[in-house]
There are 4 protein chains.
Amino acid sequence: MATGETTNGKRKGARAAARPQADSQPRTTRGRKTRERLLSAARTMFESKGFLDTRVSDICDEAGLAHGTFYIYFPTKEDIFYTLVDEVVADRFLLTAVPDDFEGNVADRFAYTLRQYFDEMRRAKDFSRIVEQVATFDEHMRENRMAIRRKFRGRIQHGIERLQQQGAADPDISAELTAEAMVAMINNFAYINLILGERDDLDLDQVVATLTNIWARSLSLDIEKANANDAKRAPKTRKT
Amino acid sequence: MATGETTNGKRKGARAAARPQADSQPRTTRGRKTRERLLSAARTMFESKGFLDTRVSDICDEAGLAHGTFYIYFPTKEDIFYTLVDEVVADRFLLTAVPDDFEGNVADRFAYTLRQYFDEMRRAKDFSRIVEQVATFDEHMRENRMAIRRKFRGRIQHGIERLQQQGAADPDISAELTAEAMVAMINNFAYINLILGERDDLDLDQVVATLTNIWARSLSLDIEKANANDAKRAPKTRKT
Amino acid sequence: MATGETTNGKRKGARAAARPQADSQPRTTRGRKTRERLLSAARTMFESKGFLDTRVSDICDEAGLAHGTFYIYFPTKEDIFYTLVDEVVADRFLLTAVPDDFEGNVADRFAYTLRQYFDEMRRAKDFSRIVEQVATFDEHMRENRMAIRRKFRGRIQHGIERLQQQGAADPDISAELTAEAMVAMINNFAYINLILGERDDLDLDQVVATLTNIWARSLSLDIEKANANDAKRAPKTRKT
Amino acid sequence: MATGETTNGKRKGARAAARPQADSQPRTTRGRKTRERLLSAARTMFESKGFLDTRVSDICDEAGLAHGTFYIYFPTKEDIFYTLVDEVVADRFLLTAVPDDFEGNVADRFAYTLRQYFDEMRRAKDFSRIVEQVATFDEHMRENRMAIRRKFRGRIQHGIERLQQQGAADPDISAELTAEAMVAMINNFAYINLILGERDDLDLDQVVATLTNIWARSLSLDIEKANANDAKRAPKTRKT
DNA sequence: TATGAATGAGGATTCATTCAT
DNA sequence: AATGAATGAATCCTCATTCAT
């Protein structure tokens with residue numbers, strides 16, 4: 001025992017020490033499967049009981065594994081949650097990209113993106129609710145959410161600025177604040193109505209049309225001008 | 001998290017047994033003062049540590065009272081929180097009412113309300129954050145929040161419908177969905193920017209102007225027509 | 001929850017946070033009694049099972065208290081041990097002081113001190129064994145032991161130096177190394193024979209005589225000269 | 001700590017069930033090498049983290065082997081430690097033997113032995129510290145230590161008795177107690193100063209001289225007489 | 001009312017050891 | 001022989017809540 005070691009050494013030392021190999025990638029197929037089982041069970045439990053009410057043992061029970069097994073793969077409950085988020089949510093932003101061969105004007109594109117986003121939210125409804133929950137007390141998760149939001153806002157802001165440059169949108173409005181407002185509107189609309197499911201009877205087509213309309217009007221969007229520019233910018237998508 | 005779940009589950013099995021008189025109004029002056037001290041201490045602690053991290057003993061320590069004293073006044077930690085919410089947040093909705101003698105058109109009125117709301121949010125910034133946190137896992141709190149939101153949305157929706165009837169707003173838009181979108185926009189804008197303080201440098205005047213503009217444009221608001229009607233409806237505010 | 005709070009907040013935060021009031025002095029008689037019961041039970045358990053094998057719950061069971069009660073009074077098992085050591089061992093050094101009216105020469109004084117020390121070791125035999133155990137892995141305890149040892153050695157060294165100045169001891173030996181050797185001899189003799197009880201049949205009188213003799217001879221002590229000086233130094237003890 | 005207790009109790013209830021062939025000598029070269037790697041890794045870990053803080057998995061990691069491999073060679077952590085002790089410490093006693101052709105009187109011989117012992121202690125400083133640690137809670141180890149000590153003491157006692165018979169040492173002192181005291185002095189001096197390294201600046205030559213002097217004086221050793229006898233006893237070392 | 005001591009269910013985590021491959 | 005996944009008993013510690021005074 002190195003002089004200057006921790007006090008007791010037995011428990012304390014062990015506890016403080018770097019976690020063994022937890023979170024390491026399993027080396028065998030069996031291990032990989034077990035890890036998957038844990039992730040799947042964790043998602044099930046988080047979605048049904050929430051993050052706070054889910055115990056590590058709940059996850060293990062659900063996965064049909066001993067308690068100790070959990071710690072071979074994940075150091076804490078937080079970690080398995082982060083991993084889930086990365087796998088489930090991370091690429092959500094990418095999903096909303098408009099395909100290259102998309103046919104339609106700038107408003108159609110906005111509507112398309114919106115629809116993608118809403119569909120994804122509906123799909124991952126339960127998990128998304130938990131993500132929001134965790135973000136209210138977990139700094140790490142909050143930052144994660146904010147980063148995605150900033151990206152999202154940046155994209156909208158950038159779109160507005162381009163339209164302004166094209167003379168297709170009111171040059172006097174603040175692209176930044178308007179974008180911020182649009183993100184707030186979209187996110188919260190989805191959270192309240194799709195995730196919390198406050199109103200299950202919503203017609204998503206109508207919703208998308210309404211929000212797209214708000215967006216267009218708030219910019220005083222001139223679709224003709226925008227279209228003209230679009231055509232010039234990406235002629236390849238127009239090739240017969 | 002199954003809707004209707006307990007708050008956080010930690011003490012699930014805890015004795016929910018016969019509580020003496022907890023939560024009853026204290027009969028003596030001294031008792032009333034103690035209750036106030038607890039409420040004040042609770043708010044301080046909730047705001048600084050969050051709901052989950054605040055222990056009943058933290059509240060008592062902050063209030064300079066023995067742990068047991070707490071239960072004379074409140075049966076659980078949740079209860080003191082609800083009480084606080086009722087006292088702090090309850091009348092938030094009322095605060096946004098436009099005074100009778102308000103001078104200005106319908107957009108000014110919207111802007112005024114918005115400003116009131118934002119100011120209040122800024123004022124109760126810390127507490128509001130905790131309310132949002134609790135609403136993500138506490139059914140009771142969530143319902144509370146939704147009720148306020150529904151009221152808020154109803155007011156906006158009603159306003160839109162009236163403007164439509166007056167021929168001052170596009171009759172083809174869905175007043176309901178548009179109102180829902182506006183509430184989402186306003187609430188989330190305030191939450192992210194004022195409560196979480198993502199951007200502390202915001203010029204509230206500009207924000208209010210931007211959001212009001214979005215609202216107006218999304219309705220294709222015709223202020224002249226709206227004004228005319230307003231004048232007829234409430235001539236008393238125009239007297240002098 | 002202050003922005004920038006810890007990650008999860010629920011468990012982690014709590015665990016990392018400053019322990020509540022543990023280790024505070026109990027305010028009531030009942031509390032003081034309970035603390036005493038815990039200390040007494042801890043000593044019993046430590047002595048019978050050793051430090052490592054004693055569980056906090058063992059102590060509580062022995063004391064007839066609930067597990068949680070322990071943590072009202074002591075933050076960890078280490079702490080209750082330190083407290084015990086302070087109460088049981090701390091003044092061991094003082095115990096070996098020779099009384100003011102002691103009759104006898106310098107060798108008698110040495111023998112007296114030795115006897116005191118041995119008696120005390122025998123008395124606290126079981127606890128002393130545990131102290132030695134803990135000192136092998138607990139830095140805090142080790143330092144505690146070393147400090148006492150340094151004091152002890154200092155006293156012996158000082159005694160040798162004085163005798164050398166008086167011309168009563170060989171001036172050519174290293175007072176420091178000789179003192180160190182004497183302490184090693186005394187401590188280890190006591191540890192092996194009295195604490196571990198390797199040989200229960202020891203005649204302490206003979207042991208004290210033997211060790212005193214070794215000490216005297218190793219200094220080439222001249223008792224006559226030492227006595228003469230002693231008489232001069234402390235005539236009051238000689239006043240008939 | 002009840003004598004005969006398990007080492008540390010942690011895994012008391014652990015399955016002490018049928019161990020396959022553990023501890024058997026490996027039959028292949030590869031097996032022998034693996035066993036060596038484990039022993040070497042174990043020593044490294046024990047020396048750096050102490051016995052209690054060293055996990056079986058630490059040893060395996062250090063050895064670059066899978067955790068399961070350990071149990072092919074050693075049934076428990078204790079066992080690999082005992083094996084190490086046997087290999088590292090066992091012959092320590094032998095090392096202190098004075099060579100046949102040693103030139104010098106009886107005090108020189110004592111000094112030589114002492115020096116050998118101190119050198120060896122310094123060499124195996126880290127491991128020795130751990131051995132002392134384990135001896136405080138492991139009955140098996142304690143007995144091991146005591147056996148060595150008894151041998152050591154026996155040798156010194158025997159030496160004293162012979163000198164007394166030769167008329168070279170005070171016949172009135174207890175050879176047994178004096179020997180016990182000398183062993184205590186030597187062991188503890190080495191433990192505190194060489195193993196714990198309380199004082200790193202020690203001049204070993206001076207230390208050996210001082211302790212040898214103490215030994216000689218405590219016997220009232222008459223070197224001349226002792227030499228004379230020595231010469232008679234072992235004339236062969238004088239041949240040439 | 002107020003106090004503060006006592007309770008004990010509850011959950012996280014570790015790690016020696018076994019086992020299937 | 002070697003691997004590394006799986007096990008689960010064991011222990012620590014917290015804190016909401018009750019109770020005796």
Side-chain angles (χ1 to χ4, degrees), chain A residues 10-12 14-15 17 19-22 26-28 30-31 33-35 55-58 60 65-73 75-77, chain B residues 9-20 26-28 30-31 34 55-58 60 65-73 75-77, chain C residues 10-12 14-15 17 19-22 26-28 30-31 33-35 55-57 60 65-73 75-77, chain D residues 9-20 22 26-28 30-31 34 55-58 60 65-73 75-77:
Chain A
K10 208 183 21 144
R11 301 260 150 236
K12 285 283 187 48
R15 190 163 292 170
R19 248 171 276 273
Q21 83 279 41
R27 268 173 269 270
T28 68
R30 187 186 177 201
K33 258 188 208 156
T34 302
R35 189 169 181 278
R55 308 293 148 217
V56 170
S57 61
D58 292 333
C60 294
L65 292 164
H67 308 44
T69 306
F70 180 90
Y71 295 93
I72 297 174
Y73 298 96
T76 64
K77 191 173 68 156
Chain B
K10 241 178 312 170
R11 304 296 157 205
K12 246 177 290 200
R15 301 141 270 190
R19 287 172 209 130
R27 269 170 270 281
T28 69
R30 185 189 178 198
T34 302
R55 309 291 151 220
V56 170
S57 63
D58 291 332
C60 294
L65 292 165
H67 304 41
T69 306
F70 182 90
Y71 293 91
I72 297 173
Y73 297 95
T76 66
K77 190 171 71 153
Chain C
K10 212 186 13 149
R11 301 258 151 237
K12 287 281 188 48
R15 189 162 294 171
R19 249 170 276 271
Q21 82 280 42
R27 268 173 270 270
T28 68
R30 187 186 176 201
K33 258 188 208 155
T34 302
R35 189 168 180 278
R55 306 297 150 211
V56 170
S57 61
C60 294
L65 292 165
H67 307 44
T69 304
F70 180 90
Y71 295 95
I72 296 174
Y73 299 95
T76 64
K77 191 172 69 158
Chain D
K10 240 179 315 171
R11 305 298 156 205
K12 244 177 287 196
R15 298 141 272 190
R19 286 174 208 129
R27 267 168 272 281
T28 70
R30 185 187 177 199
T34 302
R55 309 292 152 216
V56 171
S57 63
D58 291 333
C60 294
L65 292 165
H67 305 42
T69 306
F70 182 90
Y71 293 91
I72 296 172
Y73 298 95
T76 65
K77 189 170 73 154

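Keep in mind it's a predicted model, so treat the numbers as computed, not measured. All chains are named by letter (A, B, ...) in the order of the sequence lines, taking the proteins before the strands, and each is independently numbered beginning at 1.
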Q.
On the nucleotide dG11(E), are OP1 or OP2 found under 4.0 Å from the side-chain N or O atoms that S57(A) carries?
A. no
Q. Picking from dA1(F), dG11(E), dA6(E), which would you name as closest to the side chain of I72(C)?
A. dA6(E)
Q | Interatomic distance, K33(C) NZ vs dG4(E) C1' [rounded to whole Å] | A | 16 Å
Q) DNA chain F: G68(A) or G68(B), which has the more 5' nearest nucleotide? A) G68(A)
Q.
Please classify the nucleic acid contact of T28(C) as base, sugar-phosphate, or nothing, using heavy-atom distances under 4.0 Å.
A. sugar-phosphate
Q: Among the candidates dA16(F), dT3(E), dC12(F), find the nucleotide nearest to the side-chain atoms of A66(B).
A: dT3(E)
Q) For the residue pair P26(C) and G31(C), what are the closest heavy atoms and their distance? A) CB-C, 3.4 Å
Q: Select from F70(D) and F70(A) the residue whose nearest nucleotide in DNA chain F is closer to the 5' end of that strand.
A: F70(D)
(Q) What's the closest nucleotide to the side chain of T76(D) if the choices are dC15(E), dT17(E), dA16(F)? (A) dT17(E)
Q) Can you name the residues that form a side-chain contact (heavy atoms from CB on, under 4.5 Å) with S57(A), not counting sequence neighbours? A) R55(A), H67(A)
Q. So, is R55(C) close to the dA10(F) phosphate, meaning a side-chain N or O under 4.0 Å from OP1 or OP2?
A. no
Q) Can you tell me how far C1' of dT7(E) sits from CG of L65(C), to the nearest Å? A) 10 Å
Q) With a non-hydrogen cut-off below 4.0 angstrom, is G31(B) in contact with a base, only sugar-phosphate, or nothing? A) nothing
(Q) In whole Å, I'd like the distance from the NE2 atom of H67(B) to the P atom of dA16(F). (A) 10 Å
Q. Closest heavy-atom contact between A66(D) and C60(D)?
A. O-SG, 3.7 Å
**Q.** OP1 or OP2 of dT1(E) under 4.0 Å from side-chain N/O of R30(B)
**A.** no
Q) Rounded to whole angstrom units, what separation is found between the CZ atom of R35(C) and the P atom of dG4(E)? A) 17 Å
Q) Do the side-chain N or O atoms of Y73(C) get closer than 4.0 angstrom to the phosphate oxygens (OP1, OP2) of dA6(E)? A) yes
**Q.** Phosphate OP1/OP2 of dA2(E): any T34(B) side-chain N/O under 4.0 Å
**A.** yes
Q | Closest non-hydrogen atom pair between R35(C) and Y73(C), with its separation | A | CB-CD2, 3.9 Å
Q. Which of these nucleotides, dT17(F), dA6(F), dA6(E), is closest to any side-chain atom of T69(A)?
A. dA6(F)
Q: Measure from the side-chain heavy atoms of R27(A) and tell me the nearest of dT18(F), dT3(E), dG4(F).
A: dG4(F)
(Q) Just verifying a value: how many Å separate T76(B) OG1 and Y71(B) OH, rounded to the nearest 0.5 Å? (A) 8.0 Å
Q) How does DNA chain E look in dot-bracket form if you count Watson-Crick and G-U pairs under 3.5 Å, write [ ] for pairs that cross, and put | where a base pairs with another strand? A) .||||||||||||||||||||
Q) Between Y71(B) and dT17(F), does any side-chain N or O lie under 4.0 Å from OP1 or OP2? A) yes
